[in-house]
Structure formats: C-alpha cells, structure tokens
Visitor: 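I have a structure I would like to understand better, so I am pasting it below and will then ask my questions one at a time.
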Amino acid sequence: MRRFTEDEFDDELLDDGDELRDLEIPVIDPRKVRDSIQQRSRARRDRRVRAEKAPEDLRYDDADTRGYEDYGEQEEDAYYGDYDYGTSGDDPDGEYVYEEREPSGRDRDRNRKRSVNPPKNSGQGRRSRRKRRRASAIPALVAVFLILLIVGGAVVMRVIEKNRYSDERESITTQFPSLSDEAVVIRNGELTDDTLKIVNSALYFTLDQAHELAGNTRLYKDPSGLLLYAAPTEIISASPGDAHDSSGKGGESGEAVTFTGDDGTTYISAGYLKNYARFSYTLYTDPYRVSILTEDVTIPLSRVHKDTHIRVSGDRKSPILEDIARSDRVRILEEDESDWTKVMSEDGVTGYIEDKDLSAATDETLSPDSDYKDPEYPSIHINGTVNMGFLQVFGQSGESLLEEKVNASKTMNVIAPTWMSVDGGEGAIQKNGTSSFVKKAHGMGIQVWAALDDFNSGTADTPSIFRSMEKRKALIDNVMAHLNETGCDGLNLDFENIPEECGEDYVQFIREMSIACRQNGKVFSIDNYVPTDATDHHDRKEQGVVADYVVIMGYDEHYSGSSVAGSVASIDFVKQGIENTLLEVPADKIINAVPFYCRGWATTNGKVEGKAFGMEAAKEYAANHKMDLTWDDSVCQFYGETVSGETVYQLWLEDAESISAKLSVMKAAGIAGVAEWRLGLETADVWDVIDEYVNSPKGL
C-alpha cells in the first residue's frame, strides 16, 4: 500500500484540482477517526510517564528548561512523532489512513531530551496540567452555554409573545350594520338607533327626522306634494325632483332637494336642509354612518400621542377595530383603574385605547360647522304692559257696548271683539266688524285686535282648511281683507278645536298667517289653553317665534263638564300655566288672561252640575244658598258651601282679591300683560287692582 506524507497528500489534491468536480470522495468512517485520536492520546500519556521516570542526568538544567507551550506546535509534533496519510492498496474505496511515522535519529535525540521532566521549580508541569484541564473543560462549558442559551431564548420568546400586540382585526360592522342604502346616526356624540337614507351616495332625511335631528326647520310637506318653508315674509316652495327651491337654494352636487318614496314618504337632502337648520354632518362609508352635530356640546376629549388602534376590549391581544392617527381626538366614555380607557372615535367607533397613548382628558365644546342663522321674525309690540279686554258680541259690532264696557278701566289699551268665525271648510268667514267701531276705539286710545274663532259659527271645518294650501290661503286672505277693511290693528286667533292629527297643519297655518300679518302690519296674538300634554301639538315654542303675543287662557281649570266641582282658576293653576309657557315662549310675548266669572256647583248623589256666574251674580248665588264665604289660602279665593237635602252646593269666588293674587304671580314672572274674559262680568273694584298692576314695574 502506497503511503503519503501530509505534503504529498495536499499536492496530490492540488494537482487533481481540475478534476475535483468529477472526483468521488469516499466517506470517512468516524469510528476510525475516533480510534486514531484515542490511540494518539494514549501514546502521549505513556511518554509523559516514561519521562518522569528518566535518570537525573538525562534531565535538563534549570537554565535550559522551557515549558511545552514555549516550543510551539511544530516542535511538539516533532516530539510526538509525525503522521502520514496513506492509501491502503487493499481498500477498494481508496480510504485514506493516518499512520505514525518513526522519527529519525536526530529527532529521537531531540525528543529524548524533551521527554524528561522539567525542573521542579520551573512550573512547566503545572502549566501543562492546567492547560490540559482547561482544554478538557471547554466542551462541557460550551454545552452548558448552549443549554442556557436555548432556555433563555425560550423564556425571552415567551415574554416577547406575551407582550406582543395582536394584529388581528375585527370589522366595525359588529357596531354598525352594513347597510347599502342607510347610514347609522351618531348625534351630538351619542350613538342612536336612527338611520338616514342614502341615495346615490347622498344623505336624505325624512321630514320627521329633519325636525327631530336638525331641530325645528319650519319645513312642511303640503298634501299637494310641495315642500314649503315659511320665511318671515314669504313662503318658499320646492317641487319633488327639483335641484333648487323657489328662492334658488339647492343641495350639494346637484342632487334633488326632495323626493317622494314609493310609500309616500317625503325625503329631504341633507345638503338642502343645511339651508334651513343649524347643523353639520360628516358621512362615513364602509359601512355607512353619519355624525351629526346640531348644537354646542361639551364632552371630555383626549388626543392620542402616536399612531395607535382602537381595540374591541382593553387587552393587547384584543382585535383591532380602527386605526387612530397621532393627534386625532377621541371621546372618553369610561375611565377605570386598568391601563385601558373606553373611547369613541369621531366617526363613532367605540372601543379601547391604552392609557399611555392618550393625553389627559379635557372638556371641549364642539359646535356645528354651519353658516346658518335663524331668520329674524320681526314682532310688533305695544308700549308698556298689555291690558286687553275681550268683548263678546253676537251678530253686531258691539259699538254700543264699547264705552260702557271700557270706561271703567283707566289702563285698557287693547280690545278684542269677537268679530269673525270660520264658516265651513273652504276658507270663508262670518264677519261683524265695522270701521266705525275701530275709529271710536282709536279715539279712546285703544287698539282693536279682532278675534277669529273656530266655534261660534257651528259650521267650521278647520282640519280641512289646514290640510290644503289653497284653503289656508283663502281663509288668510279673507281675514286680512276684513282687518284692512275695518282698519283693525291686529288679529287675535282663538282656535280651540284642533285635533292632534292635524297639529303640524295647524302650525303651518299659523306661520302663513304670521307672514300675512307681518306684510300688512297687523299685531298677531294666539290664544292657548294652559299647557298640558293634550295640547303639545299646538307648538307654543313656534308660536313664540312667529307670533307677536301668546295668550294663556288662565281659566277653566274646572269647567261645565268636569266630573268634580272646583275652582275655575286656583292660584297654583295660574302659576303652572305661566311657568310652563315660559319654558317655550319669551316673557315679553306672554299675556295671561284672568276670568271675570266663576261657577256655582251642585252635586247630588255624585252627579255634578256647574253654572257660570259673573262676579256680582256669584255673590248673589252665595247669599241665596246661605253660604258663609271664607278665604282659602290654598286657592287664593273665597270659598263657601252648604247642604240642602242630598245636594251639596259649592262656590269658589272670583273677585278683586282673587284677581289681585293672580296679578302678583304675573308681575313676579315679568310677562307682557293681562287679558280679561270677558268685559261686563266684573265688579268695578277689579279695575283698581288691574290698573295698579299695569302701572307698576314688572318683575317686582
């Protein structure tokens, strides 16, 4: 078998370098390599033992002694012998073997000297042993290091995974239904159940939604199909499908300002609605939702420090609902002791943001981004406190009664004769006024506000009139013609039979009547019951805008059809009427009417009958039934009762003292004045307390 030295082996490989790609190198048997290494280690150990037993004269002197490490790798190999690589001729795979070569004579001499022990004081032996121990410990240390590295890496990865933020996302359709033609409404920062219609990417309100979400817009859908708006001096109309109304105002991007749905519902474009209401909106898509701001609202807001996310819950592993950019504002909904805060984004998404990403919450006021301003509806007011007396006349002007009924008062400045009644359902009226009456009243320093009622003719069909633009116009034109013909200063509207289902139609009639009065320079006053839920559809708030005066009929707390006997106008009833009206109508437009009458009651076996009396006649009723009248502070009236057989007779008297108590409440409220129903039923001393009220400062 041919043997190779190490250099020859390398040269052979280099010479055949060009053919290395084609050379099939046999696999080295690791067991033979292991056996060769072990054999070499045993040889080295045996030589160290022989060196330690060598005779003293063969050992180096101290001056000649050096440690093994000082000789370097080359001389150490010379000591231990060289090894050649060879190829076994018997091995068909040409396996390379490693064989120890016998040292030459020179090498043997040199090796013999080096095999002896170094001097005892040289430290060479100790260094060699330490070196060997360190060498044998390295694999163990490496293994331990690798184990620690693996374990530590696993711990670090677990910590990283635990603190890693989830990238999972959840659709916001869990909060907002994904509707193709409707948008969920967020109103003034609050998520609602309302939806608005989307048509060709434009937002539309129903008329009811316009009133509810955008405030009282004064927009009215006429049965003719027109959409009407009552401006201070004109009626503006828009036809379905038109891009502009009769004033030239339109919506956005040319969409129709109004259209009628298949079910007859009227829809109004949001862009057009902004012309007639103070609000702003932002429409978001995917899914559709709209944020509407209709008033100034103060809410807790926070800005985020960096780009972050709103998550479903307060947890890093919770899915992401929405991305939030640095400096975006979010509304604070809930704060607790956790590291997360519940918030709402400006587009209505509700979820959680980590506290460290939020600035401190501050109360901020949000205002609608709107240029709209409520139009000013000019009012006509008389100077000083109003003192209006109702004069009831039938089939005559009442001219003969004027001086008789008015002269007792020194402060009356308005008289309201019952001159007109609605006749039928087409807009006709019955009328009794004369210009001579008006001239006579003017000569007395008194204005005339002719009354129009819906009950005296017995034929009035006001619902039919209210629901038709043509019929409303006919009635208004007839009334204005009579006022102008007689020279009246104003109109007192006394409609007392208004069904709830035509409340909006009635309010539109009021708006249109106010325009006519404004155009003709007439004072417009409207009579109302004391506010109750049953009369909310009269819309006193709108009356307080378009009318000059709102009159409270502060009587008939108990009326002829009542199931129990009681006062016509107790002091609490009067207070409540004024206080509730003040919630909707400015004080300088409120007139409270007091009764110049009361009722005597007879109750027999639970059946109640009431009969109205003027003040003088009521005192006679008490005397005839031998009633002992005493002052009752709870109602601020004199009260009396008697029993005759099975009948109980009762009386709550109206007189100067009860009227004075009512006037004190009115003066404290600072309202515009007083009205009296009706002239001729009072006693003379009542005018003394009324005149004192009219002449005294308000609010005292």
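In this text the structure is predicted, and so the values were computed from the model without any measurement.
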Visitor: With sequence neighbours excluded, tell me which residues meet salt bridge (charged side-chain N to carboxylate O under 4.0 Å, His left out) with R467.
Guide: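 Checked R467 against salt bridge (charged side-chain N to carboxylate O under 4.0 Å, His left out); matches are D505.
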
Visitor: Looking at residues at least two apart in the chain, or sitting in another chain, which of them share a side chain to side chain contact (heavy atoms under 4.5 Å, CB included) with S514?
Guide: R518, F524, V546

Visitor: By the definition side-chain contact (heavy atoms from CB on, under 4.5 Å), identify the one residue from D494, L452, N432 that meets it with M420.
Guide: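 Passing option: L452.
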
Visitor: Pairs in or reaching into residues 437-466: which pass salt bridge (Lys or Arg N to Asp or Glu O under 4.0 Å), with residues at least two apart or in two chains?
Guide: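 Sorted pair list: E403-K440.
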
Visitor: With D296, which residues qualify under salt bridge (charged side-chain N to carboxylate O under 4.0 Å, His left out), at least two apart?
Guide: R278

Visitor: Can you run down the ring-ring contact (aromatic ring centres under 6.0 Å, His included) pairs that involve residues 387-413, sequence neighbours left out, and say none if there aren't any?
Guide: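 For residues 387-413: F390-W677.
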
Visitor: With sequence neighbours excluded, tell me which residues meet side chain to side chain contact (heavy atoms under 4.5 Å, CB included) with V507.
Guide: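 By the side chain to side chain contact (heavy atoms under 4.5 Å, CB included) rule, V507 matches R511, D539, E542.
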
Visitor: Keeping to residues at least two apart or across chains, list the salt bridge (Lys or Arg N to Asp or Glu O under 4.0 Å) pairs with something in residues 616-642.
Guide: none

Visitor: Could you note down all residue pairs passing side-chain hydrogen bond (donor to acceptor under 3.5 Å, both in side chains) where residues 545-562 supplies at least one of them, sequence neighbours left out?
Guide: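 Every pair satisfying side-chain hydrogen bond (donor to acceptor under 3.5 Å, both in side chains) with a residue in residues 545-562: D556-Y597, D556-R599, E557-S570.
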
Visitor: Restricting to side chain to side chain contact (heavy atoms under 4.5 Å, CB included), what partner residues turn up for V297, sequence neighbours left out?
Guide: N188, L293, E295, L366

Visitor: Would you list the pairs meeting salt bridge (Lys or Arg N to Asp or Glu O under 4.0 Å) in which at least one residue belongs to residues 469-485, sequence neighbours left out?
Guide: D222-R472, E426-K471, R472-E512, K473-D477

Visitor: Who passes side chain to side chain donor-acceptor pair (under 3.5 Å) against N492, sequence neighbours left out?
Guide: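 In terms of side chain to side chain donor-acceptor pair (under 3.5 Å), with neighbours along the sequence ignored, N492 is linked to S525, D527.
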
Visitor: Going by side chain to side chain contact (heavy atoms under 4.5 Å, CB included), name the residues that satisfy it together with S457, two or more places apart in sequence or in a different chain.
Guide: S421, Q430, T459, A460

